[in-house]
Peer 1: 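Would you mind keeping the following structure in view while I ask a few things?
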Amino acid sequence: MNKYIFIIAIASLFSACTEEINVKLPNSDKKLVIEGVIENGKFAEVILTRTIPLFSSQGGTTVEEFYVIDAAVYVSNGGVTDTLTIGIDSASALGVVYKGSSIIGVPGQTYTLKVVASDGNIYNATTSIPNPVPLDSVWWKAAPPEDTLGYANAHLTDPVGLGNNYRWYAKRPKDRRFIAAWGATFDDKLIDGKSFDFAYTKGYDPTDTENSEENDSDTERYYYRKTDTIYIKFCTMDRASKEFYTTFEAALSSNGNPFASPTTIMGNIDNDGLGVWAGMAASYDTILPTP
Amino acid sequence: MNTTIIVNFRGNYSAYRYTIILVFDSFMKQSLLFKTLFAFLLFIVFDLQTNAQDKQKYTISGYVKDASNGEYSIGANVYIKELLKGGNTNQYGFFSITVEKGNYTLVSSYVGYGDFVKQIVLDRDISINIELKPTSINVKEVEISSEKIDKNVTSTSVGAIKLDMEEIKKLPAFLGEVDILKTIQLLPGVKSSGDGNSGFYVRGGGPDQNLILLDEAVVYNASHLLGFFSVFNGDAVKSINLVKGGMPAQYGGRLASVLDISMKEGNNKTYHASGGIGLISSRLTVEGPIKKDTGSFIVSARRTYLDVLARPFAKPDSPLKNSGVYFYDMNAKVNYRLSDKDRIFASGYFGRDIMKFEDKDAGFKMGVAWGNSTGVVRWNHLFSNKLFMNVSAIVSDYQFSFTAEQTGFELKLFSGINDLNGKVDFGYFPTIRHEVKFGANYIFHTFTPMSATAKQGETEFDLGGVKKLRAHDMAAYVSDDFDVTDNFKIHLGLRYSYFMQIGPFDRYVKDPVTGQIASTIHTDKNKKVADHGGFEPRFNARYSLNTKSSLKASYTYNLQYIHLASLSAVTLPIDTWVPSSEVVNPQKGSQYSLGYFRNFKDNTYETSVELYYKDLKNQIEYADGSLPGGTVGDNADNQFVFGKGEAYGVELFVKKRTGKFNGWVGYTLSYTKRTFPDLNRGKEFYAKYDRRHDASVVLSYDLNKKWTFATIFVYGTGNAITIPTSYYVIDGNITYDYSDRNAFRMPAYHRLDISATFTPDRSKHIERRKKRIIRKFGLAENVKPEDVKIPRKMFKNYESSWNFSVFNVYNRHNPYIIYFANEGSATEGNLSIKAKQVYLFPVIPSVTWNFKF
């Protein structure tokens with residue numbers, strides 16, 4: 001992203017001017033968006049939403065407009081098929097989620113997802129859960145010159161052999177759910193077989209208006225407090241899921257960036273469906289308040 | 001393919017004989033076009049042989065120069081009036097005409113200069129140096145006859161345009177900086193990419209498909225400050241030749257165009273200093289003889305000082321205090337005539353853009369620097385009055401670096417390309433009907449793909465290291481400009497090029513399923529990684545309908561071995577060049593063009609209509625979902641996808657060349673399409689720079705000796721871009737779903753600039769001053785001002801002018817970029833998306849003072 005910083009700086013030196021404009025958009029169909037995860041030791045969870053045309057609502061879009069609540073959702077492990085049922089879950093990103101009840105995620109297994117939308121369209125996707133790679137240790141570390149604010153640190157030993165993909169989530173007791181930090185997804189291209197320390201800043205849940213980025217003071221933003229309890233969820237996943245999350249994260253950082261070209265999010269859903277069906281092998285750790 | 005080209009001179013060079021023997025192993029396998037070309041070559045050889053048996057012929061040869069400063073004139077007309085035949089001076093001002101014994105009128109003409117006319121008795125070889133006198137703006141050109149030869153109609157070149165610096169300097173200049181790249185973008189078929197973009201696009205080709213040469217050295221990034229200015233300092237440039245179609249065989253390596261820029265040699269008669277002081281930049285040029293009429297030098301430098309000017313206004317604690325952006329560049333050239341047959345030139349360019357940003361509070365420091373450097377040494381030698389040779393040794397270099405530092409963490413990114421180039425070119429003028437060129441060149445490329453080093457304190461991180469790529473790039477060519485009949489002329493050329501990437505090199509082979517590097521293929525130093533090569537036939541023809549109009553046609557086939565793919569929506573200095581490899585095949589382009597050229601009113605008006613069609617293969621783009629960091633620790637070309645392209649259009653051009661009121665109007669209707677199996681679901685899409693309509697009007701008016709006015713108007717269909725059409729939520733974040741690739745048009749670009757140049761009349765000033773002296777010293781009334789002589793010491797004679805210009809007169813907000821921002825939040829029910837555009841330049845007035853001692 002560094003290149004954008006310097007271009008913005010140059011452009012601003014040249015008194016760049018920004019103004020709102022009216023844009024006539026080409027027509028777009030509403031597409032189905034799938035955000036499905038099956039985690040080791042847990043039932044599958046699938047959030048179904050739809051796309052909304054860019055300038056469709058005058059007064060502002062609400063969460064309800066995204067919901068798709070009338071689809072049939074099935075997960076199969078090759079033998080058993082689990083029919084997911086819709087329910088309300090305050091720990092889910094949008095509050096409404098389809099949940100499984102018979103198949104529990106197991107590392108090494110492959111799972112297929114089938115969504116039958118109310119218009120008759122069928123969407124399929126396949127994923128598998130890799131073996132989990134637990135962190136060796138986790139700790140809080142101050143970020144000088146601050147001594148009470150800092151980052152969540154961890155030590156990881158990457159198994160020898162390329163192909164390990166990771167995603168980092170963290171949560172404090174007051175957070176509603178696990179939050180992916182900035183640049184949460186990485187692979188072992190440059191770290192294959194190595195044992196090393198790394199750190200993450202605090203992430204923000206865009207649906208949480210109370211603990212939002214804006215509500216943090218300038219000095220505290222992106223830092224964990226020394227007194228925070230931090231739950232870490234460290235996941236491994238397959239390549240398609242990693243592709244999805246890395247391109248999704250790149251797309252987020254290019255949103256609203258005048259100089260970035262659009263990043264296509266690479267999903268693994270067929271039939272023009274957007275989103276991902278991801279098998280995740282999670283391992284959990286906790287950083288207790290540092291005395 | 002094993003192919004040998006043997007160029008064999010029979011007898012000595014002054015004999016009128018030569019043969020070209022082309023041995024094609026696989027001749028029979030070649031296309032019909034190839035066979036036709038071969039037949040033509042045999043025909044030429046035959047023609048030369050029969051010509052050689054003709055009766056006595058003699059040669060007039062020499063150089064054409066500017067009488068005022070000794071600069072050699074490039075592309076000046078030299079012809080025999082009685083025969084209406086002749087040629088143009090080459091890049092070094094040399095010409096050679098061989099005709100039968102007789103009495104002739106030799107004429108040389110050049111825009112902006114009075115004609116040279118001389119009666120000659122040709123009964124032996126004649127060597128002549130022609131000096132052309134510049135015409136002052138108010139003197140009507142000396143017309144010699146209505147039959148004056150005009151290059152627009154008579155040359156074989158389709159789609160070639162030559163511009164002189166003097167012509168460009170009259171036009172309105174953005175912030176007072178005369179800009180060559182901006183001027184060529186006013187010509188039909190050449191499109192600008194908008195304010196703040198460095199590339200230009202020729203007939204549907206990408207920005208990497210233009211070969212930009214400064215005194216034969218390749219300039220890889222021709223812009224300063226991301227395209228706000230070009231790297232070519234107008235004070236150091238003599239002439240500009242743009243080839244957008246019908247590329248002659250001596251050029252190669254790019255598909256779309258050649259922009260051949262020649263630096264001034266420097267005044268070889270007297271010393272001069274000239275320069276300009278503008279609002280954001282200043283420049284100074286010093287030139288003069290090393291030895292009068294024998295050698296000269298020129299040194300020219302520029303620097304912008306926006307950063308220095310802004311600093312005092314920045315608050316002490318603001319990051320701006322230690323930040324800034326500026327560029328500087330220098331041109332230097334020396335030349336020396338060793339003998340009548342030998343001349344040497346050495347020239348160089350060095351430029352850097354620097355950007356600094358420092359936020360002391362955040363402990364953050366950043367620096368970006370990029371720029372070109374070139375160095376060229378050339379030796380001209382005349383083997384005879386018919387055989388001219390130039391040998392060049394050239395270095396071209398482009399470097400980009402980015403450094404950032406925060407709380408002990410240091411990151412450095414860098415990339416670049418370096419060329420070592422050796423070149424030999426011959427010009428052979430056997431008879432008046434032929435101008436033969438042949439030569440060869442060899443380039444050793446060293447590519448530095450985007451590489452990174454990082455360290456935290458003393459700990460260095462492994463970011464894949466610096467893996468330089470190397471390649472041999474060579475070519476040989478032969479061409480002939482041949483007057484088949486009085487009305488029919490052809491340019492026939494053949495180029496063979498060969499490219500080989502060599503080790504040390506590591507190819508990372510990826511597993512198609514996991515996407516991980518499955519194996520590494522290592523190639524040892526100097527061993528072949530991959531090679532490519534092929535013939536590039538070039539063919540231009542002109543048929544004169546009468547002295548005022550002609551039809552021209554051309555076919556060219558080009559290969560391009562080095563490539564620049566851009567990941568972002570705008571062209572940036574960070575984009576890196578990559579060689580053809582075992583993954584990337586050379587880009588291939590065929591261009592067909594057809595033109596009708598007609599002059600009106602005694603060649604005062606030149607008009608043309610040109611049609612072109614281009615077929616492009618092996619075009620390169622980044623794959624969907626490619627990320628900027630993706631090339632670190634990988635081969636850059638592993639992220640590429642390949643496809644084909646097509647471009648066609650029609651260009652209309654009307655130019656008034658001479659008179660008080662002159663200028664041009666150009667219009668282009670064009671289509672540029674791409675098809676990539678892996679992009680846009682395999683559907684055809686428009687290239688970003690597809691431009692349906694492109695028009696420009698350039699007018700200048702010399703009111704009197706003091707005032708010159710000029711105006712420019714440009715209009716272009718907006719760029720084709722990809723925009724979001726709808727949005728959705730992933731992990732609670734708003735994300736966009738995009739339209740088909742480049743399915744949306746930005747608003748049209750249009751702009752009007754005006755300028756006025758005021759040149760104070762020094763003679764009146766001197767007159768007034770003399771009168772004052774008469775009054776002051778109470779001299780007798782019969783002393784006239786003419787009698788007063790002011791010592792040169794007391795009154796330096798200098799010329800100066802003021803340029804006032806207004807850029808974007810009616811304050812059009814031309815979009816630089818369009819982006820989308822979400823406001824509010826869905827959880828609160830007030831989420832909405834806004835489209836925003838960034839425009840760079842509102843109406844901008846500027847003033848520049850130019851001087852010349």
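Throughout, protein chains are lettered first and strands after them, A, B, ... in sequence-line order, and every chain is numbered starting at 1. Given the structure is predicted, the values throughout are model-derived calculations rather than measurements.
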Peer 1: Examine whether an atom of R681(B) lies under 4.5 Å from a heavy atom of chain A, and if so say whether it belongs to the side chain, the backbone or both; otherwise answer neither.
Peer 2: side chain
Peer 1: Looking at residues at least two apart in the chain, or sitting in another chain, which of them share a ring-ring contact (aromatic ring centres under 6.0 Å, His included) with Y204(A)?
Peer 2: Y222(A)
Peer 1: Report the distance from atom OH of Y728(B) to atom CD1 of I52(A), rounding to the nearest 0.5 Å.
Peer 2: 13.0 Å
Peer 1: Which region of K30(A), side chain (C-beta onward) or backbone (N, CA, C, O), has a non-hydrogen atom less than 4.5 Å from a non-hydrogen atom of chain B, or is it both or neither?
Peer 2: neither
Peer 1: At a heavy-atom separation under 4.5 Å, does D188(A) approach chain B through its side chain, its backbone, both, or neither?
Peer 2: side chain
Peer 1: Looking at chain B, which one of D187(A), L94(A), T247(A), V33(A) has the largest number of heavy-atom pairs inside 4.5 Å, strictly under?
Peer 2: V33(A)
Peer 1: Restricting to non-hydrogen atoms, name the atom on A93(A) and the atom on G732(B) that form the minimum distance, rounded to 0.1 Å.
Peer 2: CB-N, 3.9 Å
Peer 1: At a heavy-atom separation under 4.5 Å, does R50(A) approach chain B through its side chain, its backbone, both, or neither?
Peer 2: backbone
Peer 1: Please enumerate all residues that pass salt bridge (charged side-chain N to carboxylate O under 4.0 Å, His left out) together with D624(B), with sequence neighbours excluded.
Peer 2: none
Peer 1: Report the distance from atom OH of Y245(A) to atom CD1 of I730(B), rounding to the nearest 0.5 Å.
Peer 2: 7.5 Å
Peer 1: Quick one: what part of T49(A) sits under 4.5 Å from any heavy atom of chain B, side chain, backbone, both or neither?
Peer 2: side chain
Peer 1: Please classify the contact between D737(B) and chain A as side chain, backbone, both or neither, with a heavy-atom cut-off of under 4.5 Å.
Peer 2: side chain
Peer 1: Counting only heavy atoms closer than 4.5 Å, note whether S92(A) contacts chain B via side chain, backbone, both or neither.
Peer 2: neither
Peer 1: Relative to chain B, which of D238(A), I179(A), N22(A), V23(A) shows the most heavy atom pairs under 4.5 Å?
Peer 2: V23(A)
Peer 1: Mind checking the CE-CD1 spacing from M746(B) to I21(A)? Nearest 0.5 Å is all I need.
Peer 2: 8.0 Å
Peer 1: Please rank I721(B), N733(B), T722(B) by heavy-atom pairs under 4.5 Å with chain A and give me the top one.
Peer 2: N733(B)
Peer 1: Under 4.5 Å from any heavy atom of chain B, what part of D272(A) do you find: side chain, backbone, both or neither?
Peer 2: side chain
Peer 1: Could you tell me which portion of L162(A) (side chain, backbone, both or neither) has an atom closer than 4.5 angstrom to a non-hydrogen atom of chain B?
Peer 2: both
Peer 1: Would you say NZ of K141(A) has more than 12 non-hydrogen atoms from neighbouring residues, nucleotides or ligands within 6.0 angstrom?
Peer 2: no
Peer 1: What's the spacing between Y736(B) OH and T264(A) OG1 if we round to 0.5 Å?
Peer 2: 15.0 Å
Peer 1: Other residues, nucleotides and ligands only: do more than 12 of their heavy atoms fall within 6.0 Å of CD on E210(A)?
Peer 2: no
Peer 1: Rounded to the nearest 0.5 Å, what's the gap from CG on D731(B) to CD on E249(A)? Could you check?
Peer 2: 9.0 Å
Peer 1: With a 4.5 angstrom heavy-atom cut-off, could you sort out which part of E35(A) is near chain B: side chain, backbone, both or neither?
Peer 2: side chain
Peer 1: Quick one: pull up CG in L54(A) and CD1 in I723(B) and give me the separation to the nearest 0.5 Å.
Peer 2: 7.5 Å
Peer 1: Side chain, backbone, both or neither: which part of I47(A) has a heavy atom under 4.5 Å from chain B?
Peer 2: neither
